[in-house]
Number of protein chains: 2
Amino acid sequence: MVRPRTPLLSRDRIVEVATAIVDADGLDALSTRRLARELGVQAPSLYNHFATKEQIVDAIGDSIVAGVDLSMLGRDPWPEALKAWARAYRSAFRAHPNVVPFLARGPARRPASLRLADAVYGALVTAGWPPGDATRIGATMRFFVAGSALGSFALGFVDDPDLYARDYPHLRDAHRLAGQHAHVDDSAFELGLEALVDGLERRFERL
Amino acid sequence: MVRPRTPLLSRDRIVEVATAIVDADGLDALSTRRLARELGVQAPSLYNHFATKEQIVDAIGDSIVAGVDLSMLGRDPWPEALKAWARAYRSAFRAHPNVVPFLARGPARRPASLRLADAVYGALVTAGWPPGDATRIGATMRFFVAGSALGSFALGFVDDPDLYARDYPHLRDAHRLAGQHAHVDDSAFELGLEALVDGLERRFERL
DNA sequence: GTCCGTTAACTAACGCCGTTAGTTTCTAGG
DNA sequence: CCTAGAAACTAACGGCGTTAGTTAACGGAC
């Protein structure tokens with residue numbers, strides 16, 4: 001086959017299959033050869049659509065961030081909007097946990113990230129925040145959401161009672177975390193989010 | 001050379017040179033062949049000291065986390081201790097920005113991370129927090145610190161006035177962020193940290 | 001002092017990887 | 001109809017992490 005009558009590949013199809021591979025088997029499992037194989041094609045053909053493999057991963061990231069609901073920003077009161085947006089942002093990450101290390105990595109120059117930054121900044125300024133604070137709050141929320149989506153805290157612990165008791169005096173019961181990591185991570189996120197927005201509201205009152 | 005009179009390698013020396021490579025040229029620049037070359041050795045010799053390359057990177061991570069000052073925990077009042085510890089944690093990350101994506105990645109089962117979790121959990125419980133809340137607060141702080149160390153928020157913007165004005169109505173002045181990313185990221189971290197701990201103090205009062 | 005198991009270096013090689021060069025054939029636009 | 005460019009191909013390069021198998025020095029036991 002030299003050139004098919006109808007194209008075998010498209011950017012969308014490549015991103016779709018690449019996302020499936022990463023979701024199923026992790027970032028490291030995404031190689032140009034495997035991606036091409038699952039697309040029914042040879043690896044170099046990908047380079048007719050993307051200049052590098054990194055651009056493919058970038059496109060995966062953009063498509064994930066593009067799915068974050070922004071409708072509450074500028075509509076609801078800012079504290080509620082901020083919390084709802086943070087939850088939507090985090091759950092978009094959580095739907096593709098293997099991509100998060102890449103997403104959180106570099107500065108996000110992808111279009112969807114800019115649209116998101118624009119929306120949250122605009123909502124805060126409209127609500128009465130000074131521009132400088134609005135920038136910092138957008139950044140802080142990104143820090144928190146990215147960090148919480150990144151690595152499970154509770155997964156760091158293994159279900160072995162003896163392991164911690166010996167060396168870490170306060171972690172006697174830490175082994176129990178292993179079995180409930182999803183719940184622990186979720187409730188830690190909720191606690192932090194409430195505290196953070198609560199602190200921001202107090203700061204806002206002082207303006 | 002088959003076996004030298006005094007060993008050429010040691011775990012410490014490998015970790016030291018590996019850290020220097022990652023700091024200088026990034027995680028991707030760390031290959032077993034380059035690491036070996038800079039150690040004056042052939043690549044497979046590394047496998048006498050570490051089972052996999054990942055274990056080498058793990059050891060880099062552990063040595064960084066081991067440097068975080070924990071002395072304020074259990075000594076100062078918990079809100080101040082928590083803030084000072086978060087700043088120390090973050091600046092340890094910031095000293096090795098290229099390692100952070102790896103550090104933040106998986107659950108941290110390395111000894112230094114466990115010691116750190118033990119110290120912060122112990123300090124909170126001693127201060128009067130219920131154990132469940134202490135766990136969540138430790139996790140939340142880790143989320144925030146890891147997220148803030150991970151990717152610069154401000155670096156996501158390029159110093160090009162026209163780029164944003166067209167597509168993102170509120171980001172008219174975003175291009176100015178590019179020149180001040182360090183300051184923006186630092187002050188966003190400070191603002192978030194103050195708000196977060198402030199919110200936690202209010203929650204503590206309500207107990 | 002000699003033996004011997006272990007250690008720490010080596011060389012050679014395997015099967016991956018991302019990517020480039022060069023070729024072929026089909027499509028789309030004038 | 002002709003032609004420029006797009007989209008597939010094959011072949012190959014240099015690098016990667018890792019394994020197998022070899023060799024010589026070390027350190028303890030007799």
Side-chain angles (χ1 to χ4, degrees), chain A residues 1-62 98-99 101-103 105-106 110, chain B residues 1-62 98-99 101-103 105-106 110:
Chain A
M1 171 187 16
V2 174
R3 179 176 171 166
R5 282 152 205 289
T6 73
L8 299 173
L9 297 178
S10 68
R11 288 177 66 98
D12 284 353
R13 211 165 87 78
I14 292 170
V15 171
E16 185 186 323
V17 173
T19 304
I21 292 173
V22 173
D23 284 346
D25 296 326
L27 262 182
D28 291 346
L30 182 69
S31 73
T32 54
R33 283 170 172 85
R34 171 162 174 196
L35 176 54
R37 192 184 341 118
E38 303 204 0
L39 285 160
V41 121
Q42 298 295 324
S45 301
L46 298 168
Y47 289 83
N48 288 316
H49 302 269
F50 289 92
T52 63
K53 178 189 162 185
E54 201 186 357
Q55 285 190 7
I56 298 176
V57 187
D58 259 334
I60 296 176
D62 198 59
N98 295 334
V99 191
F102 176 84
L103 279 178
R105 193 171 190 138
R110 298 174 282 273
Chain B
M1 170 187 13
V2 173
R3 176 173 176 171
R5 282 153 204 286
T6 72
L8 298 174
L9 297 178
S10 69
R11 287 178 67 98
D12 284 352
R13 210 165 88 78
I14 292 171
V15 171
E16 186 185 323
V17 173
T19 304
I21 292 173
V22 172
D23 284 346
D25 296 325
L27 263 182
D28 291 346
L30 183 69
S31 73
T32 53
R33 283 170 172 84
R34 172 162 173 195
L35 176 54
R37 189 183 344 116
E38 302 205 1
L39 285 160
V41 119
Q42 299 295 323
S45 301
L46 298 169
Y47 289 84
N48 289 315
H49 302 268
F50 289 93
T52 63
K53 180 190 162 185
E54 201 187 357
Q55 286 190 6
I56 298 176
V57 187
D58 259 335
I60 297 177
D62 198 61
N98 295 334
V99 191
F102 176 84
L103 280 178
R105 194 171 190 139
R110 298 174 284 273

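Residue numbering restarts at 1 for every chain, and letters A, B, ... go by the order of the sequence lines.
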Original post:
Rounding to a whole Å, what distance do you find between A/I14:CD1 and D/dA8:C1'?
Top reply: 12 Å

Subject >> Distance in angstrom units between A/L35 CG and C/dC16 P, rounded >> reply: 17 Å

**OP:** Provide, to the nearest angstrom, the distance between the CD1 atom belonging to B/I56 and the P atom belonging to D/dC16.
**Re:** 13 Å

Subject >> Minimum side-chain heavy-atom gap B/H49-B/V15 below 4.5 Å >> reply: no

**OP:** Nearest whole angstrom, please: distance from the P of C/dG22 to the CD of A/Q42.
**Re:** 20 Å

Subject >> A/R11 side chain to A/F50 backbone, donor-acceptor under 3.5 Å >> reply: no

**OP:** Give one of base, sugar-phosphate or nothing for B/L30, where a contact means two heavy atoms less than 4.0 Å apart.
**Re:** sugar-phosphate

Original post:
If you check the A/T32 side chain, which of D/dA8, D/dT18, C/dG18 turns out closest?
Top reply: C/dG18

Original post:
Between D/dT19 atom P and B/K53 atom NZ, what is the distance in whole Å?
Top reply: 14 Å

Subject >> Euclidean distance, B/E16 CD relative to B/S10 OG, rounded to 0.5 Å >> reply: 8.0 Å

Subject >> Of the listed nucleotides C/dA9, C/dT19, C/dA13, the one nearest the side chain of B/L9 >> reply: C/dA9

**OP:** Could you check how far CG of B/D25 sits from P of D/dG15, rounded to whole Å?
**Re:** 16 Å

Original post:
Could you state the interatomic distance from CG (A/D62) to CG (A/L103), rounded to the nearest 0.5 Å?
Top reply: 9.5 Å

Subject >> Sub-4.0 Å heavy-atom contacts from residues 43-50 of chain B onto DNA chain D, ordered by number >> reply: B/P44, B/Y47

Original post:
Heavy-atom distance under 4.5 Å between the side chains of B/L27 and B/V57, does that happen here?
Top reply: yes

Subject >> B/V17: side chain to side chain contact (heavy atoms under 4.5 Å, CB included) partners, not counting sequence neighbours >> reply: B/I21, B/L35, B/E38, B/L39

Original post:
Under 4.0 Å: is that the gap between some side-chain N or O of B/S31 and OP1 or OP2 of D/dG15?
Top reply: no

**OP:** Measure the spacing between CG of A/N48 and CD1 of A/I14 and express it to the nearest 0.5 Å.
**Re:** 9.0 Å

Subject >> Position toward the 5' end of DNA chain C (nearest nucleotide), A/A29 or A/A51 >> reply: A/A29

**OP:** Take atom CZ of B/R33 and atom C1' of D/dT19, then tell me their distance rounded to the nearest Å.
**Re:** 12 Å

Original post:
A/R13 CZ to D/dA8 C1': how many Å, rounded?
Top reply: 13 Å

